[in-house]
Amino acid sequence: MAKIQKIKGVADLFPEESAKYAFMERTAREVFSAYGYGELRIPILEKTELFCRSIGEETDVVQKEMYTFPDRKGRSLTMRPEATAGVVRAYVENKIYQPGKVTKLYTYGPMFRYERPQAGRMRQFHQLDAEVFGASEPQADAEVLLMLATFLSKIGLEKLSFELNSLGCPECRPLYRKALDDFFNSVNKEELCEDCQRRVNSNPLRVLDCKNKKCAELTKDAPSIPDHLCRDCRDHFDAVIALIDEAGLVYTLNPRLVRGLDYYQRTAFEVTSGDIGSQTAVAGGGRYDGLVESLGGPKQVPGIGFACGMERLAMLLGDNFEEKLDFYVALVDQRAAGDALIFAEKLRKSGLKGEAAFVATSMKSQLRQANKLEVKKCFIFGTDEVENGTVTVKDMIEGGQESLPRDEYFK
RNA sequence: GUGGGUGUAGCUCAGUUGGUAGAGCACUUGGUUGUGGCCCAAGUGGCCGGGGGUUCAAGUCCCCUCACUCACCCCA
């Protein structure tokens, strides 16, 4: 029979790799709950409209990357390409909001985007996502940033850079866009790269972000967002900066940082690494004060949050996340197989982790196996005849005698 | 959607101007040994991604296809 292979852009994670994810999830739960966040579990499937309205009809994510299909009654469903929309939907639908009440939630799970896979980019990928509702104060922005930094530090990643910007609000952003349009009208668009000639109209902020040297040169003197912030946005941003400075967070201000999803405003940030290929962002987020309302919730419920890309973080983690076993029960005579199993069970009841061989092989290969597993102790089960009486089943079970500790064996 | 790279043993890879398929590691067995490791010897294991073509002869040349991978684009 022909074998069936997995579809493009998904992964099977065996223990060596899945242990990294388990470690990150465990750490995230610890850190997030220390900041007062509770876990929200939401569906992978949502109505397509949810993402169109939140992420933005014109974004690439919505236009060409979503797994969208009709269900059996012809309703359009979409496998979530990101987490925030679903969290906001749940928040609104369950009427969690109350005036003055702050809600902190986190969620974790697979996301889906139909893209060509490459390093750090899968069609099914996993995000850890945290959101705060009901707090417009800069303290919320600062706390979210600090929590993210704490999490990344706790999983052992220190060489990451935090980039920070403010995108303005519906008040000041149009003014900035006007200034930017004026600027692009003053430059020779022919000299921009092909992509940017298109982007000037579709997504002018992205032009400022272009890696092409020519584009970077041409847009060197483009108006910057922070220079066009309204008074409230300026004050807010300054307050956030003052707070994280005081808390000792190391970051860089990147006036050209933009977000890919339409709902962001004011504080926007990204955590990047230069060690995972061309996809540098390992986490990103920001404030989205208008989103709750645009998804049918009450007016003026602010929100802020971030998402971490687990695949990208996993690339930065070292090895050795697999838990080592405490013992191995070696089997050198099949007649002792049952005794080996029972003995292992007894050890497990006393709190040790380990395994017993099912099939007897030579002493040499059994000990080789124990060595490979890096167990602390190896027990040898055989019979008197085979063992020449060195270590016998009877001795170990009835007398409780262990074979030599690993150090003794392997010195 | 657009480009580049790679598909040969379980793994990492060699394979010369086309001439019957190789190494290291791993595994199994034996030797050595302080029951491991190290070292030595032997052994198991491949429709050379798939299909078509050229040729007396294709892993090697040509065409098609599939998969993986990196990059563009986009994003976490």
Side-chain angles (χ1 to χ4, degrees), chain A residues 2-11 55-56 58-66 80-84 108-130 148 152 160 163 193-196 198-199 202-203 206 209-212 257-262 264 268-273 276-286 305-316 328 330 332 359 361-375 378-380 382 386-391 403-411:
Chain A
K3 57 186 166 189
I4 297 171
Q5 49 194 351
K6 65 180 179 293
I7 63 174
K8 189 190 289 288
V10 303
I55 296 171
E58 298 306 315
T59 58
D60 275 20
V61 171
V62 169
Q63 291 266 313
K64 46 194 187 193
E65 294 174 5
M66 296 204 301
R80 61 182 184 193
E82 59 102 40
T84 303
Y108 169 76
M111 310 291 157
F112 304 83
R113 292 185 197 175
Y114 192 91
E115 300 179 275
R116 287 285 289 273
Q118 67 185 69
R121 190 171 83 181
M122 299 292 280
R123 288 183 174 181
Q124 176 178 337
F125 59 104
H126 297 77
Q127 286 189 340
L128 195 53
D129 182 89
L148 175 57
L152 293 170
L160 300 171
E163 296 185 24
C193 73
E194 245 177 71
D195 288 320
C196 282
R198 173 174 52 79
R199 278 190 283 230
S202 66
N203 197 351
R206 281 280 172 202
D209 221 19
C210 186
K211 289 162 193 161
N212 186 300
L257 176 72
V258 295
R259 307 270 59 222
L261 280 35
D262 280 0
Y264 287 107
F269 53 90
E270 200 161 281
V271 183
T272 61
S273 163
I276 54 172
S278 70
Q279 311 293 314
T280 57
V282 298
F306 65 77
C308 298
M310 304 294 274
E311 280 73 10
R312 295 181 187 177
L313 292 175
M315 290 168 82
L316 293 166
Y328 178 69
V332 294
V359 178
T361 58
S362 71
M363 180 70 81
K364 183 173 184 170
S365 66
Q366 284 290 306
L367 286 172
R368 192 183 291 173
Q369 176 68 10
N371 193 42
K372 205 165 114 183
L373 291 171
E374 298 181 44
V375 293
C378 176
F379 303 90
I380 299 161
V386 172
E387 278 303 301
N388 298 320
T390 37
V391 185
S403 58
L404 294 171
R406 184 168 181 274
D407 286 350
E408 296 292 316
Y409 261 126
F410 302 141
K411 71 182 174 186

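We name chains A, B, ... by the order of the sequence lines, and we start the count at 1 in each one. Reckoned from all heavy atoms, side chains included, excluding hydrogens, waters and symmetry mates.
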So what does [X] touch, heavy atoms closer than 4.0 Å: a base, only the sugar-phosphate, or nothing?
X	answer
A/L261	sugar-phosphate
A/G277	sugar-phosphate
A/F306	nothing
A/E65	sugar-phosphate
A/S365	sugar-phosphate

Atom pair CD1 (A/I276) and CG (A/L313), whose distance is rounded to the nearest 0.5 Å |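 Answer for the CD1-CG pair, A/I276 versus A/L313, is 7.5 Å.
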A/R123 NZ/CZ over A/Y114 ring centroid, <6.0 Å and within 45° of normal =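 Yes; both conditions hold, so A/R123 lies above the ring face of A/Y114.
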Between [N] and [X], counting only base atoms on the nucleotide and side-chain atoms on the residue, is there a donor-acceptor pair under 3.5 Å?
X	N	answer
A/Q279	B/rC74	yes
A/R368	B/rC27	no
A/R121	B/rC73	yes

Using the C1' atom in both, what is the distance from B/rA23 to B/rA58, to the nearest Å?
->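 Straight-line distance between the two C1' atoms is 23 Å.
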Rounded to whole angstrom, note down the P distance from B/rG22 over to B/rU28.
-> 25 Å
Under a 4.0 Å heavy-atom criterion, the protein footprint on nucleotides 38-44 of chain B, written with B, S and -, is -------
Under 4.0 angstrom between [X] side-chain N/O and [N] OP1 or OP2:
X	N	result
A/S278	B/rC72	yes
A/K8	B/rC68	yes
A/R259	B/rA76	yes

With sequence neighbours excluded, what pairs up with A/K64 under the salt bridge (Lys or Arg N to Asp or Glu O under 4.0 Å) test?
-> A/D60
Is there a side-chain contact (heavy atoms from CB on, under 4.5 Å) between A/V271 and A/L148 once you walk through the steps?
-> CA-CA 9 Å; A/V271 183; A/L148 175 57; 3.7 Å; yes
Taking only N/O atoms, report every protein-nucleotides 3-11 of chain B pair under 3.5 Å with atom names and distance.
residue: B/rG3; atom: O6; partner: A/R116; partner atom: NH2; Å: 3.3

Donor-acceptor contact below 3.5 Å, side chain A/R113 vs main chain A/P81 | yes
